[in-house]
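Structure incoming, see below.
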Amino acid sequence: MRESHIRRKTGETDITLTLNLDGTGKHDIQTGVGFFDHMLTGFARHGSFDLTVTCSGDTWVDDHHTVEDVGICLGDAFAQALGEMRGVERFGHILLPMDESLVLAAVDLSGRGMLCWDVPMPTEKVGTFDTELAKEFFLAFTRRANCTLHLRKLAGENSHHLIEGTFKAAARSLKQAVALTGGDAIPSTKGMLV
């Protein structure tokens, strides 16, 4: 099984994260940021990734460090679990409707960390969650997972639906990209992706 275990402790956050790419969507998410927990739960379920996350962060400052650092850890976990990326599909994409919103996601396990984000938010907050943190999470994730991820809003008026759509769409695209082909080749003409 392709699993990883990450532990990261800084002056701002203390995170333990485990990931199984070949799971069933089992999850136990406790970041101290309720809306973010909801997003990571959807990510695990829709990607069929077994995911546990515990984070103690300086949320008395704001939620930024928690969200960004969990993105770093999840990116590290994907990179660790994928290794050389032998026998993976490499690419994945989806158009995901979430009520009135429609999100396009496309991913390439390219070995190059890049986020292409075009998801303007109608509001600055969902409850107490700063909507700009969704981009910060995916930026941290892509840099550490060494993947290229495109997320684009095609329709939508509700910030909750848009953010949830990005997490679910990213998960579905990643599920396709990490799927095993049955072979052992590295899906690159260069012979390597990392």
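Since the structure is predicted, the reported quantities are computational estimates derived from the model, not experimental observations. In this chain, residues are counted from 1 in sequence order. Atoms considered below: every heavy atom in the structure, side chains included; atoms not considered: hydrogens, waters and symmetry mates.
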(message) Test of understanding: clusters of I, L, V, M, F, W, Y form through side-chain heavy atoms closer than 4.5 Å, transitively. Do Phe137 and Val119 belong to the same one?
(response)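 Looking at the clustering, Val119 is in the same group as Phe137.
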(message) Taking Asp14 first and then Arg7, would you say they form a salt bridge - that is, a charged N and a carboxylate O separated by under 4.0 Å?
(response) yes
(request) Please report the closest heavy-atom contact between Ala169 and Ile94, naming both atoms and the distance. (result) O-CG2, 3.6 Å
(request) Please test Leu174 against Phe43 for side-chain contact (heavy atoms from CB on, under 4.5 Å), starting from the C-alpha separation and ending with a verdict. (result) CA-CA 10 Å; Leu174 283 161; Phe43 181 89; 3.8 Å; yes
(message) Would you say that Arg90 contacts Ser110 through its side chain, given a criterion of any heavy-atom pair below 4.5 Å between the two side chains?
(response)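 A side-chain contact under 4.5 Å exists here.
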(message) Test of understanding: clusters of I, L, V, M, F, W, Y form through side-chain heavy atoms closer than 4.5 Å, transitively. Do Leu139 and Ile15 belong to the same one?
(response)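 In one cluster with Leu139: Ile15, yes.
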(message) Holding to ring pair (Phe, Tyr, Trp, His ring centres under 6.0 Å), I want the full list of residues that pass it with His160, two or more places apart in sequence or in another chain.
(response) Phe35, His38
(request) Let me see the working for Val88 and Leu82 under side-chain contact (heavy atoms from CB on, under 4.5 Å), right down to the final yes or no. (result) CA-CA 9 Å; Val88 298; Leu82 286 165; 4.0 Å; yes
(message) Treating Glu3 as the side-chain partner and Ala81 as the backbone partner, does any N or O pair qualify as donor plus acceptor under 3.5 Å?
(response)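 No, Glu3 side chain to Ala81 backbone: no donor-acceptor pair under 3.5 Å.
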(request) Could you check Leu40 against Phe167 for side-chain contact (heavy atoms from CB on, under 4.5 Å), going step by step and ending with a plain yes or no? (result) CA-CA 7 Å; Leu40 291 172; Phe167 274 80; 4.2 Å; yes
(request) Determine yes or no for a side-chain-to-main-chain donor-acceptor pair under 3.5 angstrom, with Ser4 supplying the side chain and Ala77 the backbone. (result)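 Yes, because the side chain of Ser4 sits within donor-acceptor range (under 3.5 Å) of the backbone of Ala77.
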(request) Identify whether the distance between the nearest side-chain nitrogen and carboxylate oxygen of Lys125 and Asp130 falls below 4.0 Å. (result)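 Looking at Asp130 together with Lys125, the answer is yes, because their closest N to O distance falls below 4.0 Å.
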(message) Working to the nearest 0.5 angstrom, can you tell me the gap between Glu164 CD and Asn158 CG?
(response)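 Separation between the atoms: 9.5 Å.
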(request) With sequence neighbours left out, write down each residue that passes side-chain hydrogen bond (donor to acceptor under 3.5 Å, both in side chains) with Glu132, or none if nothing qualifies. (result) none
(message) Rounded at 0.5 Å granularity, tell me how far NZ in Lys168 sits from NE2 in His161.
(response) 9.0 Å
(message) Rounded at 0.5 Å granularity, tell me how far OG1 in Thr31 sits from CE in Met39.
(response) 11.0 Å
(request) Kindly determine whether Cys116 and Arg152 satisfy side-chain contact (heavy atoms from CB on, under 4.5 Å), including the steps that lead there. (result) CA-CA 8 Å; Cys116 299; Arg152 180 177 297 267; over 6 Å; no
(request) State which residue, out of Leu21, Thr18, Asn20, fulfils the side-chain contact (heavy atoms from CB on, under 4.5 Å) condition with Asp50. (result) Asn20
(request) For the pair Phe141 and Phe138, name the ring-plane relationship: parallel under 30°, tilted 30 to 60°, perpendicular over 60°. (result) perpendicular
(request) State, to 0.1 Å, how close Ser159 and Pro122 come at their nearest heavy-atom pair, and which atoms those are. (result) OG-CD, 3.1 Å
(request) May I ask you to test the Leu102-Leu96 pair for a side-chain heavy-atom distance under 4.5 Å? (result)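 Counting from C-beta outward, Leu102 and Leu96 never come under 4.5 Å.
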(request) Using atom types as modelled and distance alone, determine if a side-chain donor or acceptor of Gln176 lies under 3.5 Å from a backbone N or O of Phe91. (result)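 Not confirmed, Gln176 side chain does not pair with Phe91 backbone.
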(message) If I take atom OG from residue Ser56 and atom NZ from residue Lys9, how far apart are they, to the nearest 0.5 angstrom?
(response) 9.0 Å
(message) If hydrophobic clusters are built by linking Ile, Leu, Val, Met, Phe, Trp and Tyr wherever their side-chain heavy atoms come under 4.5 Å apart, do Val53 and Phe129 end up in the same one?
(response) yes
(request) Please identify each residue that fulfils side-chain hydrogen bond (donor to acceptor under 3.5 Å, both in side chains) with Arg2, with sequence neighbours left out. (result) Asp22
(request) Give a yes or no on whether His93 atom NE2 has more than 12 heavy-atom contacts from other residues, nucleotides or ligands under 6.0 Å away. (result) no
(message) What's the separation between atom OG1 in Thr142 and atom NE2 in His150, rounded to the nearest 0.5 Å?
(response) 10.5 Å
(request) Tell me, yes or no, whether the heavy-atom count around Arg45 atom CZ, taken from other residues, nucleotides or ligands under 6.0 Å, exceeds 12. (result) no
(request) Calculate, to the nearest 0.5 Å, the distance between atoms CE and NZ belonging to Met121 and Lys135 respectively. (result) 10.5 Å
(request) Please check if the distance between the ring centroids of Phe49 and Phe78 is under 6.0 Å. (result) yes
(message) Is it the case that over 12 heavy atoms from other parts of the model lie below 6.0 angstrom from the CD atom of Glu12?
(response)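 Check passes, neighbour count above 12.
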(request) For the pair Asp58 (side chain) and Trp60 (backbone), establish whether a donor and an acceptor sit closer than 3.5 Å, ignoring hydrogens and angles. (result) no
(message) Would you say Met98 ends up clustered with Leu95 if hydrophobic residues are merged whenever their side chains have heavy atoms under 4.5 Å apart, either directly or through other cluster members?
(response)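 No, it is not one cluster - the side chains of Leu95 and Met98 are not joined through contacts under 4.5 Å.
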(message) Measuring only between side-chain heavy atoms, which start at C-beta, is Leu74 closer than 4.5 Å to Asp76?
(response) no
(message) Taking Ile72 as the starting point, is it possible to reach Leu17 by hopping between hydrophobic residues whose side chains are less than 4.5 Å apart?
(response) no
(message) Taking the side chain as everything from C-beta on, heavy atoms only, tell me whether Leu154 gets closer than 4.5 Å to Val103.
(response) no
(message) Are there over 12 heavy-atom neighbours, none belonging to Lys153, within less than 6.0 Å of that residue's NZ?
(response)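 Enclosed.
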(message) Measuring only between side-chain heavy atoms, which start at C-beta, is Glu89 closer than 4.5 Å to Thr181?
(response)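 Glu89 vs Thr181: side chains touch.
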(message) Contact between Val107 and Cys147 at the side-chain level, heavy atoms closer than 4.5 Å - yes or no?
(response)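 Side-chain contact under 4.5 Å: yes.
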(message) Could you tell me if Thr59 and Thr66 have a donor-acceptor pair between their side chains, going purely by distance under 3.5 Å?
(response) no
(request) Check the side chains of Thr52 and Asp28 for a donor-acceptor pair under 3.5 angstrom, ignoring hydrogens and angles. (result)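 No, no side-chain donor-acceptor pair sits under 3.5 Å.
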(message) Tell me the closest heavy-atom pair linking Leu180 and Arg86, and the distance in Å.
(response) CD2-O, 4.2 Å
(message) Please check: side-chain N/O of Arg8 versus main-chain N/O of Cys73, any donor-acceptor pairing under 3.5 Å?
(response) no
(request) Give a yes-or-no answer on whether the side chains of Thr148 and Asp108 include a donor-acceptor pair shorter than 3.5 Å. (result) no
(message) Looking at Glu124, is its backbone amide N or carbonyl O close enough to the side chain of Thr131 to form a donor-acceptor pair, meaning the two atoms are under 3.5 Å apart?
(response) yes
